[in-house]
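These notes are about the structure you will find just below.
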Amino acid sequence: MDNIGLTRRRNKSSTGWKKAAKVNCVVLVLISAILLGCVIAAASKVGGIQKALFFYAGDCDNGNVSRLNTVLHLLINVVSTLVLASSNFFMQVLNSPSREEVNVTHFKGSWVGIGVPSARNVFHVSKSKTLCWALLLASSVPIHLLFNSAIFETDHRESDFHLTIASEEFVNGGTFYPPGASLLPAGGGVLRRRISDTDFGSEINLTDYADRESDIVQNISATARNANQWERLETRECKQEYITCAGLKNHRSLVLIADKSGGWIRDQMWHFTNNQSEFWDKYVPSSQPNHLFFDAQCAMVAERTTGQPTQCSNDCMTALTGTLYHLYDPGSQYFCVEIDVPGWKYPFFNDVAEYNFNSSADYSSAAQPGAFDLSIEYCLAELLDRTCYIGLSPMLLMGVAICVIIKSCTAILATMLILRREQIPLVTPGDAISSFIERPDRTTAGLCTFGQGDVRRVLKDKHAFVSSGPRWWLPLQKRRASAIPISVWVTSYLLFVIAIIVCGSYFGLAYDSSRGLWGSFFESDQNVFFQKSYTFFEGVITANSLQLLLSLWYLAFNNLFTRLQMAREWALFSEDYHSLRVTDPQGEQYATYRLQLPYRYSLPLIAISIFLHWLLSNTIYIFISTGGYYGTSNFVSEGKADPSLPPNTTVAVGYSPYSLLVLLITSCVLIQVPVLLGLKKLPPNMVNVGNNSFALSAACHVSRLSHAVKRPEDSTESSSILDQGAIPDGIEMQRLNMACQLSQPSLASEPLIGYQDQNQERDQEDGGEQSSFQNLARSKVRWGIVQMPPEWYAEYAHEGVVVEHLSFGVREDNVRPPS
């Protein structure tokens, strides 16, 4: 009688995998309800699932937004780990064959995997289990891609600012005459540079300065009234914020206070002809002090190139530095402003620029040498109210909620399906060993020395025949790596190599041999951005797609570890007596680990998985910014504005070269570990079964004469059984002192796929008879030569050699290793 009947006779209380199944169902249902409630609440707030809900706002610089975002993402990781762990539990149970499915598979001349997830099992378990397994697998993909970005933080950087260069009297009521003593309108006016467009801000018509009611004049007047209340910045801090710029984070409009007590006088700066002087008299008096030198409306925006850090383009760079370039480039010979030193001096009109006036008159000769050299004492900057937000995407969260609901329903259905059919899955090798001992499989009788390699070779040929009689034992000099089929090694390491090549290609784009690594280890605008514009959803998929690849990478890595550990666990049965590790322990059996691996392996592997996912989240990430600094064609293509986000919002995907390098090194080191563990030797006195159900079944044919099998009243009957010439089912004979292999003519023609008396087994189940091998399966067992009674050896004395019995036995059977 198998353990199904025993379970039926005991009460239906939850034990083993059934208890774990109920707990996981409850976890999935609760998480489904919570996620669905969050989706409904968010959608009701914003009037649908299309728009994002910004539920928290705070100062970008005090760190509260970032800290809350970190806590929420930690919570997301905990929830997703619970969901995926519960899902993986059911996938493992559904992928594990029942004993009936194993019997059918063996009878058809094939095998299934035991103890590890196997794609082969999908074709040999029931269609209903396969469908449930596929639903759980498919519903995990959106969780990997969407959940981590369902909650996101927005950055905020302004772009536009007002630049004024003036003396200190300007902000203290001094007189001023637009456009200023430089006579240069914003944008350059009639002044043009022969080399390229000037960087003097947005262009303003000169005639607008004559109108005291114009916007530009009103802005200048407002600056003169209010700037003395702005924050004072020393020159070094001011240069770092407005020249090496990365968007306006703390301040907006700016006044450069020049060391020019008494202001500028036009006649001292320009020697005009009469016609020229008459033209400018209506704007700037010739002999009156002018405390305004220059004024313009400016903008700084982000620019990017392939494999390079984001640069800040400032359209007032010439006005701030006198340089010819709109980008901060301290390596340029024309860049005359040093950032990290006190002081700020530069020529407003750079001689190298070859300025000229776009008119018939030669205005360039009118400018007096040295009159336009500026010495900045300090700056006055308008404080910027910079607010960052934490948002939630109801659309992404709804996608995750639907997937978790699908998992919940599938898990409940799968549990009911398996319990109703009473087909207990063989999840661990111990489950399979216990089942094969209690109910020997006649298909594999007489093939105890067959390892997984033998099974694969023989079963490739559908017409193969093999003797099921006594065999010559050859000690196996194998390493743990031999327990894993070559195809699994190749597939796993092919996946590893592909992942490393993908990471290496990104690193190659970002690495600059001339300056080495650059950027930040964490998410930062100083890292590389992909040269593509994204909507929010496109950015989410792009940033998280490698998380899916990493999950596959980890599953393959974990699979190799599990197989290597299974090989060691199986080999231990040849060295000493051990209890079977099962999902529903009975007798001396013990409960399985939560995972297939023991905790000394599984916990470090889980920690490695968490570290790699965290590392990858810093390596490639979605970056969301408001305020206009990233709102250029470099980042936002026409038609790419995302309706789910506020206007002026930019979505970019960036990656960190430093984090990528650490990820590459870590991955290259980790993939060496299975190889090194695989080099450890296995005991030579144990057949190599791997996770092959056929080989495992063949090794589990125990003797009815074992001390744990026979009942006391059977001791007097054992000899009569032998006298009748009946060879008990499942006995594997072993010749130990032979120089060559022996064969039995009566069995030589027996095919590998033997006859299975299924009717007899069904009658046994229906009658409720307890299996005579049950005591052995529930005891501490060892695999090897089982000591048999003298009468048993006498049965084979005519062979002229010593024939032993090789199987599992208990301590009373005096099991010893074959030699």
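Values below: all heavy atoms of this structure, side chains included; hydrogens, waters and symmetry mates excluded.
The distance from atom CZ of Phe89 to atom CG of Leu94, rounded to the nearest 0.5 Å, is 9.5 Å. For the atom pair CD1 of Ile437 and CG of Asn775, the computed distance is 11.5 Å after rounding to the nearest 0.5 Å. How far CG of Leu612 is from OG of Ser667: 6.0 Å, rounded to the nearest 0.5 Å. To the nearest 0.5 Å, atoms CH2 (Trp133) and OG (Ser87) are separated by 10.5 Å. Note that OG1 of Thr410 and CG of Leu136 are 5.0 Å apart. Values are rounded to the nearest 0.5 Å. Once rounded to the nearest 0.5 Å, the distance linking CG of Leu603 with CD1 of Ile608 reads 11.0 Å.
With a 4.5 Å cut-off on side-chain heavy atoms, Cys132 and Phe90 do not count as touching. Within the 4.5 Å cutoff, the side chain of Asn88 has heavy atoms near those of the Met91 side chain. Contact check for Met398 versus Leu36: no side-chain heavy atoms found under the 4.5 Å cut-off. In this structure, the side chains of Val102 and Phe436 come closer than 4.5 Å at one or more pairs of heavy atoms. Proximity of Thr443 to Phe694: side-chain heavy atoms (C-beta onward) are separated by under 4.5 Å at one or more points. Using a 4.5 Å heavy-atom threshold, the side chains of Val781 and Ile433 count as separate. Looking at Leu552 and Leu495, their side chains come closer than 4.5 Å, going by heavy atoms from C-beta outward. Side-chain atoms of Arg479 and Leu682, non-hydrogen and from C-beta on, never get closer than 4.5 Å to each other.
Relative orientation of the Tyr389 and Phe54 rings is perpendicular, given thresholds of 30° and 60° on the angle between their planes.
Residues Ser644 and Lys51 have side chains that never bring a donor and an acceptor to within less than 3.5 angstrom of each other. A donor-acceptor contact closer than 3.5 angstrom is absent between the side chains of Asn77 and His73. The closest side-chain donor-acceptor pair between Thr105 and Ser110, if any, does not fall under 3.5 angstrom. In the model, Asn544 has a side-chain atom that pairs as donor or acceptor with a side-chain atom of Ser149 under 3.5 Å. A side-chain donor from one of Lys407 and Ser140 sits under 3.5 Å from a side-chain acceptor of the other.
Residues Leu417 and Ser128 come closest through the heavy atom pair CD2-OG, 3.1 Å. Taking each heavy atom of Ile671 and Pro674 in turn, the nearest pair found is O-CD, 3.6 Å.
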Could you walk me through whether His701 and Ser807 satisfy the side-chain hydrogen bond (donor to acceptor under 3.5 Å, both in side chains) test, starting with their C-alpha distance in whole Å, then the side-chain angles of each, then the deciding distance to 0.1 Å, before giving a yes or no? CA-CA 6 Å; His701 291 276; Ser807 68; over 6 Å; no

Test Lys780 against Ser579 for side-chain hydrogen bond (donor to acceptor under 3.5 Å, both in side chains), laying out the working first. CA-CA 4 Å; Lys780 289 187 176 181; Ser579 301; 4.9 Å; no

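No more than 12 heavy atoms of other residues, nucleotides or ligands sit less than 6.0 Å from atom CD1 of Ile486. By the 6.0 Å contact criterion, CZ on Phe55 is enclosed, its count of non-hydrogen atoms from other residues, nucleotides or ligands being greater than 12. With a 6.0 Å radius and a threshold of 12 heavy atoms from other residues, nucleotides or ligands, Phe537 has its CZ atom at or below the threshold.
Side chain of Trp783 to backbone of Cys700: no donor-acceptor contact under 3.5 angstrom is found. Using modelled atom types, one side-chain atom of Ser44 and one backbone atom of Ala41 make a donor-acceptor pair closer than 3.5 Å. Distance alone, capped at 3.5 Å, is enough to place a donor-acceptor pair between the Ser80 side chain and the Ile76 backbone. No donor-acceptor distance shorter than 3.5 angstrom exists from the side chain of Gln452 to the backbone of Pro485, with no hydrogens or angles considered. Looking only at distances, a side-chain donor or acceptor of Ser574 sits under 3.5 Å from a matching main-chain atom of Ala571.
At a threshold of 4.0 Å, the pair Arg67-Glu153 does not count as salt-bridged, since none of the basic side-chain nitrogens sits closer than that to a carboxylate oxygen. Ionic pairing of Glu569 and Arg581 is present here: one or more N-O contacts between side-chain nitrogen and carboxylate oxygen are shorter than 4.0 angstrom.
With Ile31 as reference, Val79 is the one residue of Val26, Ile405, Val79, Val400 to meet the side chain to side chain contact (heavy atoms under 4.5 Å, CB included) rule. For the side chain to side chain contact (heavy atoms under 4.5 Å, CB included) criterion with Ser693, the lone passing option out of Val112, Asn121, Val455 is Val112. Put simply, the residue from Arg99, Glu101, His106, Glu100 that forms a side-chain hydrogen bond (donor to acceptor under 3.5 Å, both in side chains) with Asn103 is Arg99.
Listed by chain and number, the residues in a ring-ring contact (aromatic ring centres under 6.0 Å, His included) with Phe536 are Phe152 (sequence neighbours excluded). Checked against ring-ring contact (aromatic ring centres under 6.0 Å, His included), Tyr621 has no partners two or more places apart in sequence or in another chain. Listed by chain and residue number, Phe496, Phe557 satisfy the ring-ring contact (aromatic ring centres under 6.0 Å, His included) test with Trp553 (two or more places apart in sequence, or in another chain).
For Phe573 and Phe808, the distance between ring centers is under 6.0 angstrom.
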